Amino acid sequence: MAPAPGPTVAALGRALGDGRTTSVAATRACLAQAAATTALGAFLHLDAEGALAQAEAADQRRRRSEARGPLDGVPLALKDNLAVAGLPLTCGSRLLDGYVVPYDATVTAALRQGGAVLLGKTSLDEFGMGSSTERCAFGPARNPWAEDRVPGGSSGGSAVAVACGAAAAALGSDTGGSLRQPAAFCGLVGLKPTYGRVSRYGLVALASSLDQVGPLTHDVTDAALVLQAIAGFDERDSTSAAREVPDYLAELETGVEGLRLGVPREYRGALDPAVQAAVADALDRYRQLGAEVVEVSLPHTAYAVACYYVLCTAEASSNLARYDGVRYGRRGDAPTLAGMYRATRSRGFGAEVKRRILLGTFALSAGYYDAYYQTAQRVRTLIADDFARALSDVDLLLTPTTPTTAFRLGEKTVDPLAMYLGDVFTVGASLAGLPALSLPWGRDADGLPIGVQLIAGAWQEALLLRAARAGERRGDG
Ligand code: GLN
């Protein structure tokens, strides 16, 4: 039942560096894995020809001793809400079916700059709305550990591609958990950086005050390598921060001796026993490694999911107003302008997108704006204050990533609220804008991967990665 993982980015980099393999060979291996696992639905679009041309160019650079760094020649995949010039950009939606984007996202350009080979675009819940990748208009993705289970979402396709060796690593986006939750369900590392650490230019917006791009990787070292390549200020994203990017590898191996880890009391709620056991085991291990474990309180936790879904839907309803049939994608024909908007949007959007547009429009409408949107904004401040208070006393928080392991396809699609409640442990760090990482921590009785989450203070990615690296079982890859 275990997927066949390919090499890590770091291992592949070493093999390329000492001539044991070539980028063309590594890219062919990924393409072959992608072809062998099409039933898992990882990719919405594979660019085999383009990828092999990039790989050939990378091999030529290496022959001339002009390799550009750790990602040069390494095959990567991108979630299909990130712009890659000349490739389709569907966001998993019928509305954008056939749309080819003319420009690169800033993160895409950064990967190209580093010499990475871009394999193609991975599946997602439509516009990033979901936690299972079942909401993709082109069919669901499946968990490589058990094909009747979801891979998580919304960056599920990226997680599947990495877990089954069809890409060495992938980029996804995280609004309320979309990197961390699929990482937990597929046995990978998923890192959501601090809000503002990575440019959102060329990332299709779901909720602009929450969205952040990050890596899905086999291990912590790879997460550091990919983050290093994509982090930094971008004048084309006014929310990106003009802060220096530290060297994320410099202190990666320095351990956790003397660090204080906080365990939020309120996160003990309804938990699958296997997840609870994994968290207890993780705490034991960190204690053995010399960290101190203390209990902390995040008193407004009970409001986090409700707060997130009011703000996320409100922002999404505004962001998705641009899909009117005039500028992008598929147009629904009708004799009047209003009829054309209606035809485009009612045919183009799936049920979850419509639900969220309605919810968000309601929360922003006159008469309800104060009751819902403004209240949620105030609650967001209280939640951010909870985290700030807790993190003034400890260095990091340790929590479960998800209440359960991967659920069955179809199990939650009939009950959107049940799906939303699965985000309980990830939305807090999103609302507070903090960096958070899901680290694989064993498996349950069915052999399904479990993730534990580490959360750090703003801009503390180096500390987060270092703590994750210490906890990672050595020799796991
Ligand atoms: N599962 C959450 C939602 O459905 C988070 C999605 C995301 O992070 N893109 O909104």
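Basis for what follows: all heavy atoms, side chains included, without hydrogens, waters or symmetry-related copies. When a ligand or atom number is given, it counts from 1 through the structure's own listing order. All of these numbers come straight from a predicted model, not from anything done at the bench.
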Q. Just checking, any donor-acceptor pair under 3.5 angstrom between side chains of E461 and T194?
A. yes
(Q) Against D174, only a single residue in K79, R180, R197 fulfils salt bridge (charged side-chain N to carboxylate O under 4.0 Å, His left out); can you say which? (A) R180
Q) Protein residues near ligand 1, heavy-atom distance below 4.0 Å? A) G128, M129, G130, S131, S154, D174, T175, G176, G177, S178, L206, Y308, Y309, R356, D423
Q) Distance-only, no hydrogens or angles: does the D219 side chain make a donor-acceptor pair with backbone N or O of D222 under 3.5 Å? A) yes
Q. Do E266 and S297 meet the criterion of a side-chain donor-acceptor pair at a distance under 3.5 Å?
A. yes
Q: Please state whether the rings of Y323 and F349 are parallel, tilted or perpendicular, taking 30° and 60° as the class boundaries.
A: perpendicular
Q) Taking atom CD of Q113 as the centre, does the number of heavy atoms from other residues, nucleotides or ligands within less than 6.0 Å exceed 12? A) no
